[in-house]
**Q** 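Here you go, one structure.
Here is the naming used below: chain letters follow the sequence lines, and residue numbers restart at 1 for every chain. Not measured: the values here are computed from a predicted model.
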Number of protein chains: 2
Amino acid sequence: MQNKRELFQVMTRRFGLLNKNCCSIGGHDISVAQSHILYEIDQRDHPSMQQIADILGTDITTFSRQAQNLIKMGLLTKQADPNDRRVSLLILTSDGQYIANTINQQMNSYLDEVFSYLTPFEQQTIIHSIQLLNEAMAKSDRCCSPIREE
Amino acid sequence: MQNKRELFQVMTRRFGLLNKNCCSIGGHDISVAQSHILYEIDQRDHPSMQQIADILGTDITTFSRQAQNLIKMGLLTKQADPNDRRVSLLILTSDGQYIANTINQQMNSYLDEVFSYLTPFEQQTIIHSIQLLNEAMAKSDRCCSPIREE
DNA sequence: TAATTTACTTGCAAATAACAAATACTATAA
DNA sequence: TTATAGTATTTGTTATTTGCAAGTAAATTA
């Protein structure tokens with residue numbers, strides 16, 4: 001069997017590059033880090049700063065400033081959690097929402113193209129495999145359920 | 001079918017975090033960027049600077065300095081290409097080789113653990129799927145065969 | 001041999017990072 | 001109730017990383 005790491009390294013590098021090329025949308029230049037932040041906020045219902053920072057494995061101080069930048073860009077707003085006023089809930093603005101959607105479309109469209117080179121059966125198999133893999137990775141405590149280090 | 005991007009985003013983030021946690025080996029602290037550089041050099045036979053920079057999608061000036069750092073750390077050497085003396089061929093030192101091997105082992109060992117949660121059939125399916133996917137991605141010119149931007 | 005191109009390096013300024021300390025609020029204990 | 005400890009986030013500072021512009025050196029082309 002081919003070296004596992006090699007397979008995954010190639011695959012993840014490709015996705016990494018894809019993200020890197022991304023994105024200039026509606027006059028905004030979006031960095032990789034920013035697109036990940038927008039994605040995760042979009043994915044959740046009014047998450048807190050700490051939550052997103054943990055998910056992305058980013059230091060909270062770094063994340064604080066990243067969030068500030070997105071706010072300056074008009075893509076994000078913060079709102080104090082009424083239940084715990086220390087907590088800032090993160091909410092995409094309509095611009096932010098639009099950008100998150102657009103990036104999502106672009107990524108899906110790229111994936112659609114890639115999948116077009118495969119038979120429907122292969123496509124199914126791959127989707128199913130990634131699902132299995134994600135579940136298996138979630139079981140490992142060695143890494144990478146989105147948690148802080150240590 | 002579940003949103004494709006979501007699946008891939010989750011998967012690649014996990015690998016990203018795994019790489020991030022990596023590595024302190026033999027007194028050297030290795031960053032993600034550095035581990036990728038070591039990996040790619042190890043993977044090839046005396047590649048040039050430009051080659052590795054292209055593969056990693058890194059600006060050559062940035063890469064130049066990253067390489068310098070690895071040289072300072074004693075993990076890498078450069079050697080002028082006898083056929084074209086503008087070109088610097090990159091060669092891992094034995095320390096660098098050792099570190100590349102160790103990271104490789106760690107990653108494979110993590111993958112082995114993840115795979116241990118799956119049946120042999122599922123394992124086979126996943127490996128096969130990633131292979132298919134890598135081949136399909138290679139066919140797309142939209143992205144990510146390791147090339148420079150534009 | 002002059003002009004162009006390619007591979008790489010350096011100067012610099014901007015962006016990004018993380019540690020430590022501060023702020024603001026909440027929870028707990030006496 | 002008040003002191004104490006803890007959590008969420010921000011800010012000061014400093015180090016690192018980044019990429020553009022400009023430079024050097026070698027190869028190629030005209």
**Q** Do other residues, nucleotides or ligands put more than 12 heavy atoms under 6.0 Å from the NE2 atom of A:H28?
**A** yes
**Q** Does A:R86 make a side-chain donor-acceptor contact with the base of C:dT26, cut-off 3.5 Å?
**A** no
**Q** Could you state the CZ-P distance from B:F63 to C:dA7, rounded to the nearest angstrom?
**A** 14 Å
**Q** Nearest heavy atom decides the nucleotide; on that basis, is A:P82 or B:S88 closer to the 5' end of DNA chain C?
**A** B:S88
**Q** Round to the nearest Å and state the distance from A:D59 atom CG to D:dT13 atom P.
**A** 18 Å
**Q** Let me know the distance between CD1 of B:I37 and P of D:dT17, rounded to the nearest Å.
**A** 10 Å
**Q** According to a strict under-4.0 Å criterion, is B:T62 in side-chain N/O contact with OP1 or OP2 of D:dG19?
**A** yes
**Q** Which nucleotide in the list C:dC8, D:dA26, D:dT17 gets nearest to the side chain of B:N69?
**A** D:dT17
**Q** What is the distance from CD of A:Q66 to C1' of C:dA14, rounded to the nearest Å?
**A** 16 Å
**Q** More 5' along DNA chain D: B:R85 or A:V87, using each one's nearest nucleotide?
**A** A:V87
**Q** Are the side chains of B:K78 and B:I91 in contact, using a 4.5 Å heavy-atom criterion?
**A** no
**Q** Is any side-chain N or O of A:Q68 closer than 4.0 Å to OP1 or OP2 of D:dT11?
**A** yes
**Q** In whole angstrom, what separates A:H46's NE2 from D:dA8's P?
**A** 19 Å
**Q** Please determine whether any donor N or O and acceptor N or O are separated by less than 3.5 Å between the side chain of B:T61 and the base of D:dC20.
**A** yes
**Q** Among C:dA20, D:dT9, D:dT18, which nucleotide sits nearest the side chain of A:M49?
**A** D:dT9
**Q** Does C:dA7 have OP1 or OP2 sitting under 4.0 Å from an N or O in the side chain of B:Q51?
**A** no
**Q** Got a salt bridge between A:R86 and A:D81, using NZ or NE/NH1/NH2 to carboxylate O under 4.0 Å?
**A** no
**Q** Rounded off to whole Å, could you give me the CG-to-P distance for the A:D29 and C:dA14 pair?
**A** 17 Å
**Q** Enter the distance from A:N108:CG to A:Q106:CD here, rounded to the nearest 0.5 Å.
**A** 10.5 Å
**Q** Counting only side-chain heavy atoms from C-beta out, which of C:dT9, C:dC19, D:dA8 sits nearest to A:R65?
**A** C:dC19
**Q** Check the distance between C:dA7's C1' and B:L90's CG and give it to me in whole angstrom.
**A** 12 Å
**Q** Heavy-atom count around B:Y98 OH within 6.0 Å, excluding the residue itself: above 12?
**A** no
**Q** Given atom CD1 of B:I60 and atom P of D:dT17, what is their separation to the nearest angstrom?
**A** 17 Å
**Q** What's A:T58 touching, base or sugar-phosphate or nothing? Going by heavy atoms closer than 4.0 Å.
**A** nothing
